[in-house]
Structures are given as C-alpha cells and as structure tokens.
Amino acid sequence: MNILESLRNRYAVKKFDPTKYLPEAKLNIIKETFNLTPTSYGLQPLKMLVLRDKELQKKLVPYSYNQQMIGDASDLLVFCAIEKIDKAYIMEYFEREKAVRGTADEVVKPFRDFLISDFGGKTQEQIHNWAVNQIYIALGNLMTVCAAEEIDACPVEGFVPSEYDRVLKLNELGLKSVLIMPIGYRAEDDIFATFNKVRKPLENSVFEL
Ligand SMILES: Cc1cc2nc3c(=O)[nH]c(=O)nc-3n(C[C@H](O)[C@H](O)[C@H](O)COP(=O)(O)O)c2cc1C
C-alpha cells in the first residue's frame, strides 16, 4: 500500500480482536516512533506507558466511558506529560546534547540560559499545556506510522485522566495522563471498518491563494 492507501485503510477502531497481540518487532517500531517524534526545543516533555495487561486494561474501561476497546486491545498506550520541567531537567537535556554531538559548553550556554530563564517564568499550567501540545504531535505521528505498519489503533480523549493517574500511580512518577491509544488488530466484525470515511470535500479543506 502507498501512504494514501494506508491512511484510507486506517480508521478509529471500535472493536479489537482480544486474541491477537502485536509482535515485539511492531511494538519496537511504536516505541522508536514515539521517541523520534520532534518536540519543542527537543525537550521531550512526555513519556509513553505501554500497557499489556488485560486485567488492568479492563479495570480502566469504566474510567474510559466504558469504551470496550481499552480492555480488548493488544496494548494500551498512555501518553503522559512530564510535570516538572525545571533547571535540572533542562541541564540534563544539554548534557545529552554535549555528549551526543560533542558540542562545547560555551556553545550551548546562551540557549540553555535562555530556556532556564524562560521556563522559570512559566506557571505549572503553562508548562503542562505546552507538554500537551507535544503529546498531540506524538499521537499524530504514531497514528500515521500505525497506518503504514498495518497496526490498528484508536486515538482516545474520552477517559478520565485523574482516575488513570490514580490507578496507574502516574503521580508518583511525576506524570499526568493526557491521551490514550489502544492498538492491536481490528475484530473481524467491527462494522466501523466497513464505513466510508466522512471528510469535507478536499477543496473545502485546503485552499490556495
Ligand atoms: C484526539 C482524538 C480523540 C479521539 N477520541 C475518541 C474517543 O474517545 N473515542 C472514540 O471512539 N474515538 C475517538 N476519536 C476518533 C475520532 O472520532 C475519529 O478519528 C474521527 O471521527 C474520524 O474517523 P476515522 O479516524 O475513522 O477516519 C478521537 C480522535 C482524535 C484525533
């Protein structure tokens, strides 16, 4: 399939086959894709939990507006925001850059000082919202890669983040759940697979001056 065929073949899966699991190689592609997603300043203020535990997944269904695909998917991806983006976090990023690229400290210093000062002036809410924007980019990136790799998925905003944080003990890790995405293989009888895509006519969606 070319990329447009793959994107037309993908859809928001409503029913997964609970007996099918993604092979390790596909999961690795998912993990690498997440980590390769570009982020603002390269700071990667996000973390992804890969949950393959049917019992725990089923426990999360009531906190996901009873969407059964959470319990049936091969794996549940939970996209989390890293809450503490402080001086130490920013310093660590630049230490990594220096180690990977061999950049001298005096070269990174002006930008590092700017970021430390800039983030130091932001509220927690501003930092969280900034991290949330990065998470949506990761989600989009992953959806496209899933389509290309013939991995079925459903992006999900319909869940209660505070309950996920409690059940998965994400607070203890300094994380807050933002989005989730069950992935796996569509059930043969998922009627949504047969529905035509509903999209605006292209000329109403894209314009040229
Ligand atoms: C950010 C985001 C959140 C979504 N949340 C849900 C959800 O909670 N439950 C659901 O069934 N579908 C959810 N969807 C799927 C959309 O309804 C679906 O992508 C859209 O109707 C287009 O259909 P298609 O993806 O099958 O082409 C979500 C999609 C996005 C991008």
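Small disclaimer: the values here were computed from a predicted structure and weren't measured. Note that ligands are numbered from 1 as they come in the structure, with each ligand's atoms numbered from 1 the same way.
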Residues [X] and [Y] bridged, charged N to O under 4.0 Å:
X: K14; Y: D190; value: no
X: D105; Y: R112; value: yes
X: R166; Y: E163; value: yes
X: R96; Y: E92; value: yes

[X]: numbered ligand 1 atoms lying under 4.0 Å from its heavy atoms:
X: G158; result: 8 (O)
X: Q67; result: 7 (C), 8 (O), 9 (N), 10 (C), 11 (O)
X: K197; result: 24 (P), 26 (O), 27 (O)
X: M69; result: 11 (O)
X: Y11; result: 26 (O)

Measuring to protein heavy atoms, does anything land under 4.0 Å from [atom]?
atom: atom 21 (O) of ligand 1; value: no
atom: atom 13 (C) of ligand 1; value: yes
atom: atom 17 (O) of ligand 1; value: no

Which residue holds the protein heavy atom closest to [atom], what is that atom called, and what is the gap in Å?
atom: atom 25 (O) of ligand 1; value: R10 NH2, 2.7 Å
atom: atom 15 (C) of ligand 1; value: A12 CB, 3.7 Å
atom: atom 29 (C) of ligand 1; value: P155 CG, 3.4 Å

Answer side chain, backbone, both or neither: which part of R199 comes under 4.0 Å from ligand 1, heavy atoms only.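 Within the 4.0 Å criterion, R199 contacts ligand 1 through side-chain atoms alone.
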Take E106 and K109 through the salt bridge (Lys or Arg N to Asp or Glu O under 4.0 Å) test and state the conclusion after the steps. CA-CA 5 Å; E106 61 266 28; K109 190 177 183 308; over 6 Å; no
Option among K54, K58, R186, K20 that satisfies the salt bridge (Lys or Arg N to Asp or Glu O under 4.0 Å) test with D72: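 With D72 as partner, K54, K58, R186, K20 yield a single salt bridge (Lys or Arg N to Asp or Glu O under 4.0 Å), made by K58.
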Is K122 close enough and on-axis enough to F119, meaning under 6.0 Å and within 45°, for cation-pi?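 The answer is yes, since K122 meets both limits relative to F119.
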Carefully, step by step, assess D75 and R52 under the rule salt bridge (Lys or Arg N to Asp or Glu O under 4.0 Å). CA-CA 5 Å; D75 299 87; R52 179 177 290 187; 2.9 Å; yes
Which word best sums up how the rings of F114 and Y41 line up, parallel for under 30°, tilted for 30 to 60°, or perpendicular for over 60°?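 Perpendicular: the ring planes of F114 and Y41 meet at over 60°.
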Winner among M143, E157, K14 once heavy atoms are compared against atom 1 (C) of ligand 1: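 Going through M143, E157, K14 one by one, E157 has the nearest heavy atom to atom 1 (C) of ligand 1.
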